[in-house]
Trainee: 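Have a look at the structure that comes next, please.
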Amino acid sequence: MFVIVTYDINEKRVDKVRRILRRYLSWVQNSVFEGEITIGKLEKCKKELQFVIVPEEDSIYFYIIENKNNYIKNVLGIEKDLDSYVY
């Protein structure tokens, strides 16, 4: 399946969330990750994130696209390669 993840995380925890998401998906823009992932890996990713976030302050949205063939991505302007900025 293909997944798009967006998040709004308190800056105290955002680096931890970004590091977890980077292990499973590709960073495409500030606060946005995307990529192919299995159901098992997605569940593992969510469990790791649950230990980091504070549910009363943070939010993470998962947009799941079951069929990759129904997915169209349009970019206006430069398509950023933020992977090179993550350490």
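Just so you know, these numbers come straight off a predicted model, no measurement behind them. Computed over heavy atoms, backbone and side chain alike; hydrogens, waters and symmetry mates excluded.
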Trainee: Are Ile60 and Ile39 grouped together when hydrophobic residues (ILVMFWY) are joined by side-chain heavy atoms under 4.5 angstrom apart?
Mentor: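 Looking at the clustering, Ile39 is in the same group as Ile60.
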
Trainee: Assess whether atom NZ of Lys41 is packed by more than 12 heavy atoms of other residues, nucleotides or ligands within 6.0 Å.
Mentor: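 At most 12 heavy atoms, drawn from other residues, nucleotides or ligands, come within 6.0 Å of this atom.
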
Trainee: Can you tell me how far apart CG (Leu42) and NZ (Lys47) are? Round to the nearest 0.5 Å.
Mentor: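 Those atoms lie 11.5 Å apart.
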
Trainee: With heavy-atom distances below 4.5 Å as the criterion, would you say the side chains of Val28 and Glu34 are in contact?
Mentor: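 Yes, side chains in contact.
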
Trainee: Can you find a heavy atom in the side chain of Ser31 that is under 4.5 Å from one in the side chain of Thr6?
Mentor: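 Side-chain contact under 4.5 Å: no.
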
Trainee: Do Val5 and Val54 sit in one hydrophobic cluster, given that two such residues count as connected whenever their side-chain heavy atoms are within less than 4.5 Å of each other, even indirectly?
Mentor: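 Hydrophobic grouping puts Val5 apart from Val54.
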
Trainee: List the steps, then state whether side-chain contact (heavy atoms from CB on, under 4.5 Å) holds for Arg19 with Lys16.
Mentor: CA-CA 5 Å; Arg19 269 187 251 128; Lys16 290 180 182 176; 4.3 Å; yes

Trainee: Might you confirm whether atom OH of Tyr71 has over 12 heavy atoms from other residues, nucleotides or ligands at distances under 6.0 Å?
Mentor: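 More than 12 heavy atoms, drawn from other residues, nucleotides or ligands, come within 6.0 Å of this atom.
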
Trainee: Just wondering, do Phe2 and Ile37 contact through their side chains at under 4.5 Å, heavy atoms?
Mentor: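 Heavy-atom side-chain distance check fails, nothing below 4.5 Å.
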
Trainee: Before giving the answer on side-chain contact (heavy atoms from CB on, under 4.5 Å), spell out for Ile4 and Tyr61 the whole-Å C-alpha distance, their side-chain angles and the decisive distance to 0.1 Å.
Mentor: CA-CA 8 Å; Ile4 299 170; Tyr61 290 79; over 6 Å; no

Trainee: If you compare all heavy atoms of Phe62 against all heavy atoms of Val3, which two are closest, and at what distance to 0.1 Å?
Mentor: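 For Phe62 versus Val3, the nearest heavy atoms are CD2-CG1, 4.3 Å.
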
Trainee: Please answer whether the main-chain N or O of Ile53 pairs with a side-chain N or O of Asp58 as donor and acceptor at a distance below 3.5 Å.
Mentor: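 Not a single qualifying donor-acceptor pair exists.
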
Trainee: Indicate the ring-plane relationship of Trp27 and Phe33, choosing parallel, tilted or perpendicular according to the 30° and 60° boundaries.
Mentor: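 Taking Phe33 first and then Trp27, their aromatic rings lie parallel (interplane angle under 30°).
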
Trainee: Do the non-hydrogen side-chain atoms of Asn30 and Arg18 ever get within less than 4.5 Å of each other?
Mentor: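 They are not in side-chain contact.
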
Trainee: Taking all atoms of both residues into account, what is the closest heavy-atom pair of Thr38 and Met1, and its distance?
Mentor: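 That closest heavy-atom pairing would be C-CE, 4.4 Å.
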
Trainee: Mind checking whether Val32 and Val75 sit in one hydrophobic cluster, side chains of I, L, V, M, F, W, Y counted as touching below 4.5 Å?
Mentor: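 Looking at the clustering, Val75 is in a separate group from Val32.
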
Trainee: What's the separation between atom CZ in Arg22 and atom CG in Asp15, rounded to the nearest 0.5 Å?
Mentor: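 Going from CZ on Arg22 over to CG on Asp15, the span is 12.5 Å.
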
Trainee: Provide the closest heavy-atom pair for Leu21 versus Cys45 in the form atom of the first, atom of the second, distance.
Mentor: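 The answer is CD2-SG, 3.8 Å.
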
Trainee: Same hydrophobic cluster for Phe51 and Leu49, using side-chain heavy-atom links shorter than 4.5 Å among ILVMFWY?
Mentor: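 Phe51 does not cluster with Leu49.
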
